[in-house]
Amino acid sequence: MIRFLTLLFFVALVFNCRAQQIEAYFKTSYKADSLKQKGELAKAASLYIQAEKLNNTDGFIDRNLAFINIKFKNLKKADEYIYKAIVKGVTIDQLNSDTLIKSYLVKSNFDQRYQKARKIYYSNIQYPDQMIEVFQMLERDQAIRDLYDTRKIDLKVFESAGSEVDSANTEELKEIVKKIGFPGYKEIGDEAVTSLFTLMLHIPLDGINDAQDMALFAPLIKQQVLKGNFPPVYYALIVDRYNYTKFKSQIYGTYWEYNAKKKARIVTTIKDVNNVDKLRAEIFLPPLSQSREQGLVLPDDYK
């Protein structure tokens with residue numbers, strides 16, 4: 001009995017230390033992002049390096065460090081960070097989304113090194129079959145929506161076909177969860193996690209057992225967030241979009257709508273606005289006030 005209690009104590013201690021490390025990583029990386037946005041690149045670089053020591057799986061830290069080193073003409077170092085970013089799952093499109101990095105890649109003829117790094121990235125994925133499944137699910141998800149967006153099908157056909165696709169994806173995701181749990185970075189890689197995020201914006205809103213589906217998936221996703229294996233903002237957006245669509249109020253303050261008259265992105269009604277920052281902190285999100293830095297207009301009752 002004593003041995004069992006001792007084991008439980010050490011398990012709890014390890015879990016608590018890991019949670020503190022994840023929290024420190026997010027706080028450090030958020031502060032670094034803010035400094036980078038303000039142009040304080042040297043200070044940002046120092047914090048990104050600290051964040052990487054706390055979590056060496058985030059390829060976007062390496063991408064940001066590559067950007068800073070290109071700015072400072074440290075091209076050899078920039079090259080190393082780009083390679084590391086790719087090994088951790090950052091795609092060529094994500095690299096090229098930054099015009100400075102895109103220009104550097106063109107000049108440095110990075111194609112061969114990119115392919116080599118991508119092979120390493122794929123070799124580290126624990127469940128490649130489930131990764132491919134998620135990609136296929138997203139293809140179905142997007143195909144029917146593309147048909148509607150291009151007006152190749154009308155609204156009634158889209159609603160029927162879209163619901164059928166979303167329901168099929170829901171059942172397939174449930175089978176994946178039975179086999180490997182709700183997958184995160186370690187299980188299926190960064191790209192598939194992003195695909196899964198898009199799917200989860202639709203799955204609990206297909207009009208079939210929505211509440212039950214959300215009750216099943218949301219706690220599983222949150223567990224992955226707390227382990228540092230799923231992006232907090234993805235989880236928050238899934239929860240907020242569902243709650244605002246169903247109940248006209250959100251939880252974490254990540255869901256916004258564009259107001260044409262004000263020409264602004266307005267964060268919609270928050271259910272418990274007085275405790276929103278506490279709820280955000282529980283999943284490693286910064287205070288809602290920082291959303292103003294992205295140009296979002298916050299609710300009047302947020303103090």
Side-chain angles (χ1 to χ4, degrees), residues 7-8 11-12 14-15 18-19 21-22 25 55-60 86-91 94 117-145 161-243 246 282-284:
L7 178 62
L8 281 180
V11 168
V14 169
F15 182 81
R18 176 58 180 157
Q21 183 175 331
I22 295 169
Y25 149 71
N55 177 13
N56 65 357
T57 64
D58 186 349
F60 288 97
I86 299 164
V87 167
K88 295 175 187 178
V90 177
T91 66
Q94 290 167 332
R118 287 294 284 177
K119 286 180 181 179
I120 297 172
Y121 162 68
Y122 283 124
S123 70
N124 289 329
I125 290 170
Q126 291 182 2
Y127 297 98
D129 290 346
Q130 281 70 32
M131 176 192 72
I132 293 169
E133 271 192 83
V134 170
F135 287 150
Q136 291 172 339
M137 291 161 67
L138 184 64
E139 282 185 18
R140 294 197 294 266
D141 175 281
Q142 294 299 292
I144 189 64
R145 286 168 172 84
S163 180
E164 188 174 331
V165 167
D166 291 341
S167 296
N169 283 340
T170 302
E171 294 309 309
E172 189 165 350
L173 180 56
K174 287 178 181 177
E175 290 302 311
I176 290 174
V177 169
K178 285 180 184 177
K179 291 176 183 176
I180 66 170
F182 195 94
Y185 296 133
K186 293 178 182 177
E187 291 79 20
I188 59 174
D190 290 42
E191 285 178 277
V193 164
T194 300
S195 298
L196 189 52
F197 161 65
T198 302
L199 290 167
M200 281 304 304
L201 293 176
H202 302 150
I203 280 174
L205 292 170
D206 63 1
I208 302 173
N209 299 322
D210 290 345
Q212 294 93 321
D213 290 340
M214 196 63 182
L216 169 66
F217 291 125
L220 299 177
I221 303 173
K222 188 175 182 180
Q223 287 176 12
Q224 292 286 41
V225 169
L226 296 179
K227 291 191 292 185
N229 199 33
F230 196 90
V233 69
Y234 283 6
Y235 167 72
L237 279 164
I238 291 164
V239 171
D240 282 347
R241 185 173 188 269
Y242 172 82
N243 277 278
K246 292 289 186 180
E282 289 175 359
I283 58 169
F284 313 122

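The figures that follow rest on heavy atoms only: side chains count, while hydrogens, waters and symmetry mates do not. Count residues from 1 along the sequence.
Using a 4.5 Å cut-off on side-chain heavy atoms (C-beta onward), L237 and F197 make contact. Taking the side chain as every heavy atom from C-beta outward, K222 and F230 never approach each other to under 4.5 Å. Counting heavy atoms from C-beta on, the side chains of F182 and L173 come closer than 4.5 Å. Contact annotation: the side chain of Y122 approaches that of E191 to within less than 4.5 Å [non-hydrogen atoms, C-beta and beyond]. A 4.5 Å side-chain heavy-atom check between V177 and F217 finds at least one atom pair inside the cut-off. Between V90 and Y121 there is no side-chain heavy-atom pair separated by less than 4.5 Å. Using a 4.5 Å heavy-atom threshold, the side chains of L220 and Q224 count as separate. Considering only heavy atoms from C-beta on, K227 stays 4.5 Å or farther from R18 through its side chain.
Using modelled atom types, one side-chain atom of E187 and one backbone atom of G184 make a donor-acceptor pair closer than 3.5 Å. Between the N124 side chain and the I120 main chain, a donor and an acceptor come within less than 3.5 Å of each other. Panel note: side chain N243, backbone V239; a donor-acceptor pair is recorded below 3.5 Å.
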Verify side chain to side chain contact (heavy atoms under 4.5 Å, CB included) between L226 and E282, making sure each step is shown before the conclusion.
CA-CA 8 Å; L226 296 179; E282 289 175 359; over 6 Å; no
From CA spacing to verdict: side chain to side chain contact (heavy atoms under 4.5 Å, CB included), V134, I176:
CA-CA 9 Å; V134 170; I176 290 174; 4.3 Å; yes
Dump the intermediate steps for side chain to side chain contact (heavy atoms under 4.5 Å, CB included) on T91 and R118, then the final yes or no.
CA-CA 8 Å; T91 66; R118 287 294 284 177; 3.9 Å; yes
I'd like to know whether V165 forms a side chain to side chain contact (heavy atoms under 4.5 Å, CB included) with H202, so could you lay out the CA-CA distance, the side-chain angles of the two residues, the decisive distance to 0.1 Å, and finally the verdict.
CA-CA 10 Å; V165 167; H202 302 150; over 6 Å; no
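How far CE of M131 is from OH of Y127: 14.0 Å, rounded to the nearest 0.5 Å. The distance from atom CD of Q136 to atom CG of L138, rounded to the nearest 0.5 Å, is 11.0 Å. Taking CG from D213 and CD1 from I208, the interatomic distance works out to 9.0 Å, rounded to the nearest 0.5 Å. For the atom pair OG (S195) and CD (E133), the distance works out to 13.0 Å, reported to the nearest 0.5 Å. Interatomic distance, I238 CD1 to M200 CE, rounded to the nearest 0.5 Å: 5.0 Å. A distance of 10.0 Å separates CZ in R145 from OG1 in T198, rounded to the nearest 0.5 Å.
The two residues L196 and I188 come nearest to each other via the heavy atoms CD2-CD1, 4.2 Å. Here the closest non-hydrogen pair linking V225 and P231 is CG2-O, 4.1 Å. Of all heavy-atom pairs between N169 and L199, the closest is ND2-CD2, 3.7 Å. Nearest heavy atoms, F284 versus P232: CB-CG, 4.3 Å. Nearest heavy atoms, A218 versus Y235: O-CE1, 3.4 Å. The two atoms that bring S167 and D206 nearest to each other are OG-OD2, 3.4 Å, heavy atoms only.
Under 3.5 Å, the side chains of D190 and Q94 contain no donor-acceptor pair of N or O atoms.
For K246 and D210, the salt-bridge test passes: some basic side-chain N is under 4.0 Å from an acidic carboxylate O. A salt bridge is absent between D166 and R140; no separation between the charged side-chain nitrogens and carboxylate oxygens falls under 4.0 Å.
Around the CD atom of Q126, the shell of radius 6.0 Å holds more than 12 heavy atoms that belong to other residues, nucleotides or ligands.
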